Each structure stands twice: as C-alpha cells, then as structure tokens.
Amino acid sequence: MRPNILFIQVDQLAAQFLRCYGDAICHAPNLDKLAATGTVFETAYCNFPLCSPSRASMATGKLCSEIGAYDNAAELPASIPTYAHYLRATGYQTALSGKMHFIGPDQHHGFERRLTPDLYPADFSWVPNWGDEGERDTNDPRSVTIAGVCERSMQIDFDDLVTFHAVQHLYDIARADDDRPFFLQVSYTHPHEPYLCQKEFWDLYEDTNIPLPDVPALPEDRHDAHSVRLLSDFGMLNVRFDDADILTARRAYYGSISYLDAKIGELLDTLDRTGQRESTVIVFTSDHGEMLGERGMWFKKHFFEPSLKVPLIVAGGVFSSARAATPVSLVDLLPTFMGLSVGPGWTSPVESLDGEDLATKLTKNTDRPIYAEYLAEATTAPIFMVRQGQYKYVHSTDDPPLLFNVDNDPNEQQNLAGMPDHAEIEDRLRALVTQRWDSTTLSENIRLSQKRRRLVLASDLKGTRPRWNHGEDPGSDVVWYRGETSYNDWAFRYLPIGEGS
C-alpha cells in the first residue's frame, strides 16, 4: 500500500539551530521526537540560498539554471513537471497549504488544491538588475534592531492560517470517499525575519544562555567579494550591532522555531486523531538557512554553512531511526517522493533529473558531489558551489574562488584556494564546475531575462495592475505583501504586546 506523504517545509531555518543537529537550547519537542523516530540527514543543502528559486529547484528536481528560475521574480514555467505533477499522475491527491513562492500565472504547478493564498507577490516585482540595483527595500538593519516580542505579526497571521487549513484538510481527507493516498505540503514562513515571536515562546528562553555568533562581525577587508556586496545591499557593511540587539534577534529566532514546533505538533496530533499517522511518511526541511549574525552577516544568499545547510528529516517506511552521513540536497526530494509512491529505482520518464532517491543514500557515499548556485541580486555574474567530501568550492568569473575544508574548519575561516598543497583538490572541483555550467551563456540568458521582465513589469504598472496570486483579482485588497508598497514597511507592521502581558 502506498503511503501518504506529509511534507512540512519552513523558511530560513538553519540546521544548526535544532537539537538533532547539535544545538543545546532549542525548545522544539515535536521536531525532537520526529528526529528520534526518523532518519536525520546530517549534511543537507539547499540548491539556491533564496526562497523562490530554492523551492522551484526542489519542486522540479532540477537546478535553477536549467529551468530559468533565476531569482525571486523569475517565472517557473508551467510546462516543467513538479513532484506534485508526478505524484498526481500516479494517483495521489495533492494539496498545498502555505507559501510556495511560485512566480507566474500558474499558481498550482500540479497541486490539485491550494488551501491558502501565498505570502509574497507572484509577479515580477522583485526582478533584479545586475550592475544597477538601485534603492532596495528588503533586508536592512531594522531586522536586527526591531526584534523581540510581539502579540501578532503578519507572519504569525499567515502561519496560523496555514495550520488551520492544513488541519482541516487532514480531517476532510479522513472522512472523504476519495481513497487516493494524499500528498500534502504544509509550508510555513517562520522563522524568516523579522525576528519577532510571541511572549509564550520568548519566555521559553528565559535565563537561557543564548550564544553570540561563533565568528563576530568582520572588517570589510576580511570579507570575500560576495559578502561585501551582500552587506552593502543590506545596508550593513561595516555596521556593528550591539551584543544586546544580536542576542534579542537570536532569541526571537529561537522563539519562532518553538512557535513552528507547536504548529507542527497540531499537524502530527491531527494525523494521530484521524488514524493516519502510521500510513503517512513525514518529511521536514527548510528552503534555505540563515546567517543570523555569523561574520556580521544576516539572512541568506551565500554558500556559508548557516545559509546553505538545512535540516532534513524523513520519518516512515524505510526511513527509521538513523542518521545518514551522505551529503544530499533538496533536488533529491522529487525522486524520493516518487520512490515512496512507485517503489525504489524510479527514474523520470520525461527527462534526467538532478536529484536521487534519498532511500539510496542511507549508507555513506561522500564522493557524491552536491551542487548549488546563486544567480539573483547583489552579484554581477553567476556564483556556483560544489561540495564533495569534506571540501566546498565556490566559483564565479567575477570573484576570487573560495575553498574550505568544512570538516576541519566548520566556520569556514581559512580560504584554501590558491594554496599549493590544495591545488589538486581545487583543480578537481573547478573542473566539476566547468563541466556543469557555462557561465558566459548563463550570464547572457539571465541578463536578457531581467530586461524582459523589467519591461513586462513597467507595462503592468500602467493602468490596472494584473494579479497572478492565487484566488485574487487585480486590485483586490489583501493583507499579504503584493509588491505594491515598501516590503519593510509591511514586514514591520506588527502588534506589540499589551501593557499587562
């Protein structure tokens, strides 16, 4: 009998902040239990450290450079199959509750039902412009200085809605006549910044020694070229936050994880109440990580471990209590879901995919290379990453290369690129990059795509602006961000706690 699949995805959760990845203070009992009963993949990477592209590559099992999903405003073509298409074709009922960040008029991409709106715009509002980014209104120092406790926020409103509809959908499935197995993706926006959480979750960390970053803020001349661009883009280059502000933001981040854990507990409890737990495989991951002050950096968009490494837990079927050391990535999810659906050894009848079934990675195979890329704003050329064994190599035609021994140097402070005793390793990893990508052609395609989308956006701003977001009409009034005002003004619109709280 084919299992149901509950796929729980969160946003911007670095693996290192969960107990099953070594954290000592995180209060997330539901995730702890899931990790204890399932397989924890010790080294799991996203394939693009940015929301929409990461989800596009994950859904299609293809790197973003192959499908044109270059940034947070790049359309995922309706003609490219996703795991929802593949599963639905084999007889699954598919539903999505929460954020998927699909860009373009197709807001289903194989999901039979969408239970909620999305959080962010589905149009070209956030299209980059390489070499001339101009004034930006996302990711700035307020994320750190406006942090702490709140009564409600836009993100809390959204994730409460996501949970409500997901729970209701599980009840509806249990009493329906439809005997197809289900694939339900529940996708949250926490612990994505702003770093705000409710008091009950903030209080879980009272008298707890919240750690400061392992690597404090670095001077400009000690940052790599991409870090300098990112910090400049965020308005954070050479900014030094007070330790108190850093600790407040990090405590609220922990609180947001605990809030998520409570929401996940509601989902798992519903599976138990409806008798569906034993027949359901549960998959948990994040779309990318979070720097959270390491090296003075915040958010994502880099290939350092906190930004790139995500939690990945699979519980059910062959995925029993275990830890898997083989490096994996999010493009492995599509073939994994299909392996659960039709059996091991599945391959796409349509095209070659970049991922492999995780069921085949339960024994160690450190020779397998893992690939990631960054093609969005705050760069002037594609940036590529390959991880093989203990080494991580980052390459761009416009930046000096980076090479780290992640096992011996987990904080990635010693760049081994250009060192004679690592020349053979660097040459081998560079060869993998040049075999995989044609940077010149890709750059040309990205710049053309940006120009096209900026023209489309400019025309859409004349007259009535179209809306591609699920369940909305042009001009309709919604509380979610639609790219028509300042993102930061929207994101920091929260309700503080009352005086008596």
Side-chain angles (χ1 to χ4, degrees), residues 11-19 21-28 49 138-151 153 155 190-224 226-261 286 288-302 304-309 409-414 488 491-492 494 496-497 501:
D11 194 333
Q12 208 157 302
L13 173 57
Q16 69 191 61
F17 293 101
L18 295 182
R19 285 183 181 268
Y21 287 93
D23 185 88
I25 64 174
C26 182
H27 184 88
T138 59
N139 300 128
D140 69 28
R142 284 181 290 175
S143 292
V144 182
T145 58
I146 302 178
V149 188
C150 72
E151 185 60 41
S153 69
Q155 292 191 173
H190 281 85
H192 191 289
E193 90 287 339
Y195 309 113
L196 296 165
C197 70
Q198 292 171 313
K199 188 174 184 298
E200 65 176 295
F201 302 107
W202 174 268
D203 287 348
L204 292 173
Y205 299 92
E206 187 71 25
D207 299 323
T208 299
N209 185 21
I210 303 289
L212 285 165
D214 290 335
V215 182
L218 302 175
E220 182 176 350
D221 61 1
R222 288 188 57 198
H223 280 295
D224 65 279
H226 185 50
S227 293
V228 170
R229 287 193 302 268
L230 288 175
L231 287 164
S232 297
D233 193 57
F234 301 154
M236 292 182 172
L237 186 61
N238 296 320
V239 171
R240 296 293 179 266
F241 296 108
D242 293 338
D243 284 357
D245 287 336
I246 295 171
L247 291 173
T248 295
R250 288 169 75 92
R251 180 173 174 177
Y253 185 82
Y254 274 111
S256 293
I257 298 171
S258 298
Y259 161 82
L260 275 176
D261 188 76
S286 178
H288 51 73
E290 158 72 70
M291 291 300 294
L292 207 66
E294 293 292 338
R295 318 168 78 92
M297 298 179 68
W298 297 79
F299 321 125
K300 57 271 186 184
K301 304 183 183 181
H302 209 298
F304 293 122
E305 291 288 281
S307 174
L308 194 67
K309 188 175 178 181
D409 178 24
N411 290 322
E412 298 165 289
Q413 294 183 276
Q414 184 178 12
N488 282 330
F492 293 111
Y494 67 95
I497 60 173
S501 298

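Everything quoted here is computed from the prediction, not taken from an experiment. Side chains are part of it too, since the values below use all heavy atoms of this structure and drop only hydrogens, waters and symmetry mates.
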Worksheet entry | Trace of the side chain to side chain donor-acceptor pair (under 3.5 Å) decision for E193 with Q12 | CA-CA 8 Å; E193 90 287 339; Q12 208 157 302; 2.9 Å; yes
Worksheet item: What class does the angle between the rings of Y254 and F17 fall in, given that below 30° is parallel, 30 to 60° is tilted and above 60° is perpendicular?
Response: perpendicular
Fill in: Minimum-distance pair of heavy atoms, taken over all atoms of S286 and D11
OG-C, 3.8 Å
Hey, can you pull the donor-acceptor pairs under 3.5 Å for the side chains in residues 234-245, sequence neighbours left out?
unit_1 : atom_1 : unit_2 : atom_2 : d
N238   : ND2    : E220   : OE1    : 3.4
R240   : NH2    : L218   : O      : 3.0

Discussion item. Quick check: W298 with Y195 (ring centres under 6.0 Å apart)?
Written reply: yes
Worksheet entry | Nearest heavy atoms of N411 and V215, plus distance in Å | CB-CG2, 3.7 Å
Worksheet item: Looking only at heavy atoms, which two atoms of P213 and E294 are closest? And how far apart?
Response: CA-OE2, 3.3 Å
Discussion item. Could you measure the distance from the CG atom of L308 to the CE atom of M291? Nearest 0.5 Å is fine.
Written reply: 10.5 Å
Discussion item. Please give me the minimum heavy-atom distance between L18 and C26, naming the atom from each residue.
Written reply: CD2-SG, 4.2 Å
Fill in: For H288 against P49, the heavy-atom pair lying closest together
CB-CA, 4.0 Å
Worksheet item: Do the rings of H302 and H226 sit parallel, tilted or perpendicular, given the 30° and 60° boundaries?
Response: tilted
Worksheet item: What residues form a ring-ring contact (aromatic ring centres under 6.0 Å, His included) with Y259, not counting sequence neighbours?
Response: H190, F201
Item to complete: Only counting residues at least two apart or in another chain, list the ones meeting salt bridge (charged side-chain N to carboxylate O under 4.0 Å, His left out) with R222.
Response: none
Fill in: E412 vs R295 side-chain heavy atoms within contact, under 4.5 Å
yes
Worksheet entry | Closest approach of P194 to A491 (non-hydrogen atoms, all atoms of both residues) | CG-O, 3.4 Å
